[in-house]
Peer 1: 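Right, I'll just put the structure down here and ask away after.
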Amino acid sequence: MKSTDDRKMFGTPIGAQAVAGNIVSIPQTQTKAGDGTASVALGFPPETFIARAAGGEPPRGQDMNGLLNLLSSAIQVLQTGYLGPFDATFAQSIGGYPAGAIVCGGTPGAFWVSMADANVSPPGADGAMWQSLFNGLATQAALTLEAQQRSSAEQTLNTAITDETAARLAAQYVPSVPAAGQTRITSLVENADGRAVFGDGTNAPVLANVADLPLSDPTQKIQVFTAYVKFASNGYTTITFPKAFAPGVTPTVVLPSTQEQPGKWSFIGIAKASDGTLSISNTGFTIYGVGWGGSSNFYNLVENNFIPVIAVGAF
């Protein structure tokens, strides 16, 4: 048989639309002996097998429709997949449920399996030979409880491990005792602008960078860097500050006036602008260089020149 085969499902029992005179309900036993009516006990009775001329009764079409209706109704219940509840009367009539029989419980989703033949005891009763169909399987409540217990055990274990680790670290590290007026540093991190931030849990002092060092004017900051430049043929070049000072600010620039490089010396200075002031802006400055070496002077410092620079101004 295939799952695609026609299963002959009874959407309606046989004779469901028969008129009253063409169908009867079949009783368990014959209502009147010898009248030819069918019953569950006899089916078609013996008199229907005797010729009418010999005193017999013909079988009736109403009984045939009734029997077919009874059987197709029972089959229809099975085709729905329904497993009925335990029926004490039915159990007595068949001599008890056989081992392995399944009946449904009082609530949807509950099922019982008979553990013995000739079983007439109701499921759930003391000593009854029935067992839950799901015996041995964990319930949702049991699974939830197990998950909670496992989580609790893991938390306890993690806490124990953390405490043990802390204890071992504490045993290996002997903290110094701050003197009067001192505070123990308990954290050291780097903030977004690259400064080191340390504290004791109540404040967060920032460790200053070189540019944060205090000057006579607290608005002033220092930039210290090395410029790598080549001079143009006219002896001038421009150096750009790594970070521009505030617009309109003319910073103070300090750089060496002379420099020694392999095989030559150079004289370096800040160029003058057309108005006679030093050629310095908030973004950079222009310098000139004069070099000489060997027995002859030379003017063009086209090779790489490494010039240390200190600039002070407001950001």
Side-chain angles (χ1 to χ4, degrees), residues 1-49 57-147:
M1 183 176 183
K2 300 178 182 178
S3 60
T4 55
D5 290 345
D6 184 359
R7 292 178 290 160
K8 306 298 187 293
M9 305 294 285
F10 283 103
T12 57
I14 296 173
Q17 297 180 9
V19 297
N22 292 342
I23 190 170
V24 295
S25 296
I26 305 300
Q28 287 296 317
T29 59
Q30 193 176 38
T31 304
K32 183 179 179 181
D35 67 355
T37 56
S39 65
V40 173
L42 294 177
F44 288 103
E47 58 268 25
T48 60
F49 294 89
E57 294 288 339
R60 301 189 306 163
Q62 298 95 320
D63 288 339
M64 176 60 75
N65 281 341
L67 286 168
L68 293 175
N69 181 267
L70 179 65
L71 294 174
S72 60
S73 295
I75 293 173
Q76 185 184 56
V77 172
L78 296 177
Q79 289 177 332
T80 64
Y82 175 69
L83 297 176
F86 174 82
D87 188 315
T89 301
F90 177 71
Q92 291 294 337
S93 67
I94 64 171
Y97 286 88
I102 301 175
V103 297
C104 65
T107 58
F111 296 92
W112 297 91
V113 180
S114 175
M115 303 302 293
D117 287 327
N119 192 355
V120 295
S121 60
D126 291 340
M129 297 301 293
W130 293 89
Q131 177 178 282
S132 171
L133 179 63
F134 308 112
N135 186 52
L137 299 180
T139 63
Q140 183 60 51
L143 291 175
T144 301
L145 178 60
E146 181 182 356

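Any value given below was found using the heavy atoms of this structure, including those in side chains, with hydrogens, waters and symmetry copies removed.
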Peer 1: Quick check against the 3.5 Å criterion: does S114 have a side-chain atom that pairs as donor or acceptor with the backbone of P98?
Peer 2: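 Yes: the side chain of S114 pairs with the backbone of P98.
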Peer 1: Kindly say whether A41 contributes a backbone atom to a donor-acceptor pair with the side chain of Q28 at under 3.5 angstrom?
Peer 2: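 Pair absent, no side-chain N/O of Q28 close to backbone of A41.
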Peer 1: Quick check for you: to the nearest 0.5 Å, what is the distance between M9 atom CE and I75 atom CD1?
Peer 2: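 The distance works out to 11.0 Å.
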Peer 1: Specify whether W130 and F86 have parallel, tilted or perpendicular ring planes, treating 30° as the upper limit for parallel and 60° as the lower limit for perpendicular.
Peer 2: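 Rings of W130 and F86: perpendicular, as their planes differ by over 60°.
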Peer 1: For a quick test of reading the model, state the closest non-hydrogen atom pair linking Q79 to R7 and the distance between them.
Peer 2: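 Looking at all heavy atoms of both residues, the shortest contact is NE2-O, 3.7 Å.
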Peer 1: If you look at every heavy atom in P85 and Y97, which pair is closest and at what distance?
Peer 2: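 It is O-OH, 4.0 Å.
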Peer 1: Mind listing the closest non-hydrogen atom pair of I102 and L83 along with its distance?
Peer 2: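 Reported closest heavy-atom pair: CG2-CD1, 3.7 Å.
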Peer 1: I'd like to know if the side chain of Q30 reaches the main chain of S39, judged simply by a donor and an acceptor atom lying under 3.5 Å from each other, with no hydrogens or angles considered.
Peer 2: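 Answer holds: no.
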Peer 1: Taking C-beta and beyond as the side chain, do D5 and K2 meet within less than 4.5 Å on heavy atoms?
Peer 2: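 Heavy-atom side-chain distance check passes, below 4.5 Å.
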Peer 1: Return the minimal non-hydrogen interatomic distance between V120 and Q92, and the atom names on each side.
Peer 2: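 Result for this residue pair: CB-NE2, 3.8 Å.
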Peer 1: Search all heavy atoms of P27 against all heavy atoms of A38 and return the closest pair with its distance.
Peer 2: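 Heavy atoms only, the tightest pair is CD-O, 3.7 Å.
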Peer 1: Taking the side chain from Q76 and the backbone from F10, do they hold a donor-acceptor pair closer than 3.5 Å?
Peer 2: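 Yes; at least one donor-acceptor contact below 3.5 Å.
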Peer 1: Taking N69 for its side chain and I14 for its backbone only, find out whether a donor-acceptor pair lies under 3.5 Å.
Peer 2: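 Yes, N69 side chain to I14 backbone: donor-acceptor pair under 3.5 Å.
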Peer 1: Calculate, to the nearest 0.5 Å, the distance between atoms CG and CG belonging to D63 and L68 respectively.
Peer 2: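 The distance works out to 11.0 Å.
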Peer 1: Do N65 side-chain atoms and N22 backbone N/O form a donor-acceptor pair below 3.5 Å?
Peer 2: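 Yes, because the side chain of N65 sits within donor-acceptor range (under 3.5 Å) of the backbone of N22.
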Peer 1: Using every non-hydrogen atom in the two residues, find where M115 and A99 come nearest and quote the distance to one decimal.
Peer 2: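 That closest heavy-atom pairing would be C-CB, 4.3 Å.
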Peer 1: To the nearest 0.5 angstrom, please state how far the CG atom of L78 sits from the OG atom of S73.
Peer 2: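 Answer for the CG-OG pair, L78 versus S73, is 11.5 Å.
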Peer 1: Say you draw a straight line from OG of S132 to CZ of F111; how long is it, rounded to the nearest 0.5 Å?
Peer 2: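 Between S132 OG and F111 CZ, I get 10.0 Å after rounding to 0.5 Å.
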Peer 1: Do E57 and D35 come within less than 4.5 Å of each other through their side chains, counting heavy atoms only?
Peer 2: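 Not touching, per the 4.5 Å side-chain cut-off.
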Peer 1: Is it the case that over 12 heavy atoms from other parts of the model lie below 6.0 angstrom from the CG atom of D126?
Peer 2: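 12 or below, so no.
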Peer 1: Are side-chain heavy atoms of V40 and L70 found at a separation under 4.5 Å?
Peer 2: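 Of all side-chain heavy-atom pairs linking L70 with V40, at least one is under 4.5 Å.
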Peer 1: Any side-chain heavy-atom pair from N119 and S121 closer than 4.5 angstrom?
Peer 2: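 Yes. Closest side-chain heavy atoms under 4.5 Å.
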